[in-house]
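Reading through the structure tokens given below for one structure.
Nothing fancy with the numbering, it's 1 onward along the sequence.
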Amino acid sequence: DCCSINMFMTGTCTLDIMRNFESLFGIKIDFTHWPNHEQMRHRSVCIKSRYTGTPMNEIKKVLNATMKGPSASRSTKILMYSNMREKTIEIGKKVEEYLETDDETFLIDVMTIHGRQTRTQKASYLDLFVSDQTTLAHDVRILCATSGVANAGIDSKHVRCAVRIEFPPSIQDMCQEKGRVGRIPSATPDAFSYVVCFDVESFVVLLKRTLNPEAKMTQRFREEMLTDHIQVAQLFTSINTCFNHFFEVILSNPDIHNNTPPELECCNHCPGCNNTLQHLYGRVGRDAAQEILFAAYTSNTKYTVKVLSN
């Protein structure tokens, strides 16, 4: 008899991901090396949230802080993430136009990656971005990409900031994007950041895309995506929740903390720890804050996946 041993490795995992993998390949995963929440820690990056429908204003602040001035390094790189190809292309053009207006930045190249490009194109663009070499023809230090195309696998010690320009589809996307930043042992939240821009409109667009009956997806997959969207919304409206702790628990081994939830240890450099969300939503409570996000799309106060998907 012949038996095969398969190994499945991923940087971010949940029970749904593992079950989908088993279903896809018709196998049963018998052994796992799945770290606990403490072993999942990656707290060397500051997380910032901005409630805005004009993310370009925040992008300009990031560019001014990292690409200009006497302390700016010529090796500094920035990532920008969007949910849609059109938005990615649009923001890439705006960034190029802004950089061209300044003598310090007009030579910096902006690269755009999205799902419609060929594998060869995407691979060559990623190589240019992560390369430590610059030439007279290319100085690619800013990469604009759609979710899922370049939020995993990019390993460059020079990425100082990642900016998400609209509502994140899932916690996994946020973790992967934040994980592209601060990939050096000496990284600190003072020098490396992940900036998330969102508003009700971008959340509604995301929901409508997932709920579109003409979208080619199974009902099960649609419900999984909705669950992901709502989980992000709940994080954004859980005013006193530490984002890093939330990420660590979501992506750590669920068997370890199912019966005993891990004790909260604040990171002190995220929206939940520094009261950014409290100021963002004013004096409204958690439930009222959820109403702000969900009221634009549905009048139902349950917000369950079943209600939305049906």
Within 6.0 angstrom of D127 CG, more than 12 heavy atoms from elsewhere
yes

Would you please test T188 and D190 for side chain to side chain donor-acceptor pair (under 3.5 Å) and show each step?
CA-CA 5 Å; T188 65; D190 295 331; 4.7 Å; no

Okay, side chain of R222, backbone of T210: is any donor-acceptor separation there less than 3.5 Å?
yes

Determine whether the aromatic ring centres of residues F236 and F167 are separated by less than 6.0 angstrom.
yes

Which residues pass the salt bridge (Lys or Arg N to Asp or Glu O under 4.0 Å) test with K157, sequence neighbours left out?
none

M67 vs D102, side-chain contact (heavy atoms from CB on, under 4.5 Å): CA-CA, chis, key distance, verdict
CA-CA 11 Å; M67 298 289 189; D102 194 289; over 6 Å; no

Straight-line distance of T237 OG1 to Q234 CD, nearest 0.5 Å
6.5 Å

Atom pair CZ/CZ of F198 and R50 - distance to nearest 0.5 Å
10.5 Å

Can you name the salt bridge (Lys or Arg N to Asp or Glu O under 4.0 Å) partners of R183, sequence neighbours left out?
D155

Do I171 and V232 have side chains that approach each other closer than 4.5 Å (heavy atoms only, starting at C-beta)?
yes

Counting only N and O atoms by type, is there a donor-acceptor contact under 3.5 Å from the side chain of Y81 to the main-chain atoms of V196?
no

Looking at side-chain heavy atoms only, is the closest gap between I47 and P271 below 4.5 Å?
yes

Intermediate values then yes/no, side chain to side chain donor-acceptor pair (under 3.5 Å), R43 and N268
CA-CA 10 Å; R43 297 189 171 192; N268 297 317; over 6 Å; no

Validation: residues 86-95 side-chain donor-acceptor distances under 3.5 Å, sequence neighbours left out:
| from | atom 1 | to | atom 2 | distance (Å) |
| --- | --- | --- | --- | --- |
| T88 | OG1 | M84 | O | 2.9 |
| E90 | OE2 | K94 | NZ | 3.1 |

Run the salt bridge (Lys or Arg N to Asp or Glu O under 4.0 Å) test against E96 and tell me which residues pass, sequence neighbours left out.
none

Please report the C-alpha distance between V110 and Y98 in whole Å, then the side-chain angles of each, then the deciding distance to 0.1 Å, and finally whether the side-chain contact (heavy atoms from CB on, under 4.5 Å) criterion is met.
CA-CA 11 Å; V110 180; Y98 181 71; over 6 Å; no

Those residues at least two apart in sequence (or on a different chain) that pass side chain to side chain donor-acceptor pair (under 3.5 Å) with R209 are none

Does any donor atom in the side chain of Q219 or E223 lie under 3.5 Å from an acceptor atom in the other side chain?
yes

Between S193 (side chain) and V195 (backbone), is there a donor-acceptor pair under 3.5 Å?
no

Donor-acceptor contact present, side-chain E177 to main-chain Y194, <3.5 Å:
no

Non-neighbouring partners of K61 that pass salt bridge (Lys or Arg N to Asp or Glu O under 4.0 Å), sequence neighbours left out
E58

Please step through side chain to side chain donor-acceptor pair (under 3.5 Å) for the pair T118 and T120, ending with a clear verdict.
CA-CA 5 Å; T118 66; T120 302; 4.6 Å; no

Start with the C-alpha distance between K178 and F247, add both sets of side-chain angles, then the distance that settles side-chain contact (heavy atoms from CB on, under 4.5 Å), and finish with yes or no.
CA-CA 11 Å; K178 181 176 81 78; F247 294 163; 3.9 Å; yes

